[in-house]
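Accompanying notes for the structure given below.
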Amino acid sequence: MKFFIDTADVEAIRELSTTGLIDGVTTNPSLVSKAARPLVDIVREIADMVPGPISAEVTAIEAPQMIEEGLHLASIAPNIAVKVPLTFEGLKACAALSGRDIMVNVTLCFSANQALLAAKAGASFISPFIGRLDDIGEDGMALIEDIRIIYDNYGFDTEILAASIRNADHVKNAALAGADVATVPPQVLHALVKHPLTDKGLDAFLKDWKTTGQTILNKG
Ligand code: G3P
């Protein structure tokens with residue numbers, strides 16, 4: 001599974017990029033508004049820092065303008081993935097941009113039928129929003145499972161980018177369901193590492209080691 005970081009906070013990305021665990025970044029207009037900086041500056045800085053796909057979302061709602069915005073965003077760096085919403089206009093823009101060998105991430109996906117259309121439109125990534133489906137009492141993970149079956153049935157290359165991830169269980173279950181990518185907020189990535197028994201076990205190891213009086217590096 002690939003891990004993307006779901007934020008426009010450049011400093012948070014910089015810190016996590018040193019772990020070697022980050023395969024890409026996703027942003028959206030709400031995350032950019034939180035960063036309170038020009039979108040192009042944020043995306044350029046992230047694309048310089050992280051070699052994997054960097055998703056930057058168009059804000060037009062008609063295909064011609066989406067395509068124009070998408071071409072501009074894609075010109076920022078070779079690893080930009082243009083994000084378009086799952087609407088008819090977004091699918092038309094996806095087909096046009098993917099036809100020009102530009103990576104496209106089709107976002108705001110909430111049904112398997114939407115995901116099927118995005119794959120047919122040439123999407124590089126489909127972003128089903130798990131958390132927002134859970135928020136309304138639906139089963140977000142079932143959507144990942146359904147998309148996986150459909151894409152495998154027809155050999156679609158579109159990668160399933162599990163999004164709207166709120167906790168470590170979402171990551172585990174998305175991996176079990178066969179998602180290709182999980183895009184996670186920084187705090188969820190940190191949560192993946194933590195387990196109380198790991199902390200407890202390490203404390204016990206170090207306490208017992210200390211009684212030996214030894215050091216591994218015999219520095220004078
Ligand atoms: O960035 C796309 C998606 O991950 C947004 O998640 O938490 O706003 O539903 P969320």
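The figures here come from the full heavy-atom set of this structure, side chains too, leaving out hydrogens, waters and symmetry mates. Just so you know, residue 1 is the first one in the sequence shown, and it goes up from there.
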Can a donor-acceptor pair be found, under 3.5 Å and without considering hydrogens, that links the side chain of Thr107 to the backbone of Lys83? no
Is any side-chain heavy atom of Leu21 less than 4.5 Å from a side-chain heavy atom of Leu16? no
Which Ile, Leu, Val, Met, Phe, Trp or Tyr residues join Phe125 in one cluster when any pair of side-chain heavy atoms under 4.5 Å counts as a link? Phe4, Met103, Leu161, Val181
Okay, side chain of Arg148, backbone of Gly178: is any donor-acceptor separation there less than 3.5 Å? yes
Is there a side-chain contact between Ile216 and Trp209 in this structure, where contact means two heavy atoms from C-beta onward sitting under 4.5 Å apart? yes
Tell me the closest heavy-atom pair linking Gln65 and Ala60, and the distance in Å. CB-CB, 3.5 Å
Quiz question: by atom type and distance under 3.5 Å, do the side chains of Ser98 and Asp101 form a donor-acceptor pair? no
In the structure I gave you, are the side-chain heavy atoms of Glu69 and Thr59 within less than 4.5 Å of one another anywhere? yes
Less than 4.5 Å apart, any side-chain heavy atom of Leu189 and any of Val184? yes
Could you tell me whether a side-chain N or O of Asn173 sits under 3.5 Å from a main-chain N or O of Met141, the two making a donor and an acceptor? no
Side chains of Thr26 and Thr183 only: does a donor on one sit below 3.5 Å from an acceptor on the other? yes
Leu117-Ile61 co-clustered via ILVMFWY side chain contacts under 4.5 Å: no
